[in-house]
Amino acid sequence: MNERTLAIIKPDAMAARRAGAILSMIEEAGFRIRAMRLMRLTRAQAEGFYAVHREKPFFDSLCRFMTEGPVIVMVLEGEGAIQRWRELMGPTDPAKAPEGTVRKLYGTNIERNAVHGSDGPDTARFEVSYFFPGVELVE
Ligand code: GDP
């Protein structure tokens with residue numbers, strides 16, 4: 001199924017100048033980049049984006065991390081894009097990530113893990129429209 005998912009290159013990977021390497025991995029994996037923006041998230045934008053984690057003990061730290069520098073937010077499209085981008089990213093904790101995944105290569109710890117990807121169709125719909133209100137999610 002052709003899908004769209006939201007990807008973010010997080011502030012740690014941006015500061016480490018890994019954006020180009022990560023974009024290369026995305027292109028080589030065959031995703032189409034359908035929207036892309038460089039931005040510095042406000043605290044309110046970070047809190048809104050991660051609202052499902054509001055009660056978690058790491059919520060404040062996560063929002064501080066996500067606002068500490070610029071990020072690249074983008075919409076990736078392709079067959080099974082949601083699951084395929086999750087697989088290319090690797091699991092949340094880089095220490096548990098398989099060789100060759102973005103988080104294994106460029107993540108530092110469970111918080112500073114280089115990239116974000118939507119975890120399902122409902123989340124993708126919310127997250128794409130959060131940053132790109134004009135982009136419709138292809139079912
Ligand atoms: P994801 O879907 O793999 O990004 O993971 P989650 O949705 O569970 O968490 C969102 C983000 O919160 C992660 O990508 C991390 O940046 C951060 N995070 C998740 N779990 C932890 C944790 O246990 N501690 C800290 N400090 N941050 C976490």
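As the structure lists them, so they are numbered: ligands from 1, and atoms in each ligand from 1. Quick note: numbers below take in every heavy atom, side chains included, and nothing from hydrogens, waters or symmetry partners. Owing to the predicted nature of the structure, the values given are computational and were not obtained by experimental measurement.
Minimum interatomic distance between D119 and I82 (heavy atoms only, all atoms of both residues): C-CG2, 4.1 Å. Shown here for V128 and L6, the closest heavy-atom pair between the two residues is CG2-N, 4.0 Å. Nearest heavy-atom pair across T101 and M89 is CB-O, 3.6 Å.
For atom 25 (C) of ligand 1, the choice among F58, F49, Y50 with the nearest heavy atom turns out to be F58.
Under 4.0 angstrom from ligand 1, the non-hydrogen atoms of L62 all belong to its side chain. Within the 4.0 Å heavy-atom criterion, the part of K10 lying near ligand 1 is the side chain and not the backbone. At a heavy-atom distance under 4.0 Å, only side-chain atoms of R103, from C-beta outward, approach ligand 1.
Every atom of ligand 1 is numbered from 1 in the order shown, and the set under 4.0 Å from a heavy atom of N113 is 13 (C), 14 (O), 15 (C), 16 (O).
Ring orientation note: the planes of F58 and H53 are tilted relative to one another, at an angle of 30° to 60°.
Taking CZ from R17 and OH from Y106, the interatomic distance works out to 14.5 Å, rounded to the nearest 0.5 Å.
From the protein, the heavy atom lying nearest to atom 1 (P) of ligand 1 is T92 OG1, 3.6 Å. Scanning the protein for heavy atoms near atom 8 (O) of ligand 1, the closest one is H53 CE1, 3.8 Å. Distance from atom 16 (O) of ligand 1 to its nearest protein heavy atom, with residue and atom name: E111 O, 2.8 Å. Looking at atom 15 (C) of ligand 1, its nearest protein heavy atom turns out to be I110 O, 3.2 Å.
Residue contacts with ligand 1: R86 is included, with a non-hydrogen atom under 4.0 Å away. Residue contact annotation: D119 has no non-hydrogen atom under 4.0 Å from ligand 1.
Shown here are the side chain to side chain donor-acceptor pair (under 3.5 Å) partners of D122, two or more places apart in sequence or in another chain: R125.
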TODO: Determine, stepwise, if the pair W85 / E3 fulfils side chain to side chain contact (heavy atoms under 4.5 Å, CB included).
DONE: CA-CA 11 Å; W85 172 232; E3 288 178 329; over 6 Å; no

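Judged by the 6.0 Å and 45° rule, R37 forms no cation-pi pair with F131.
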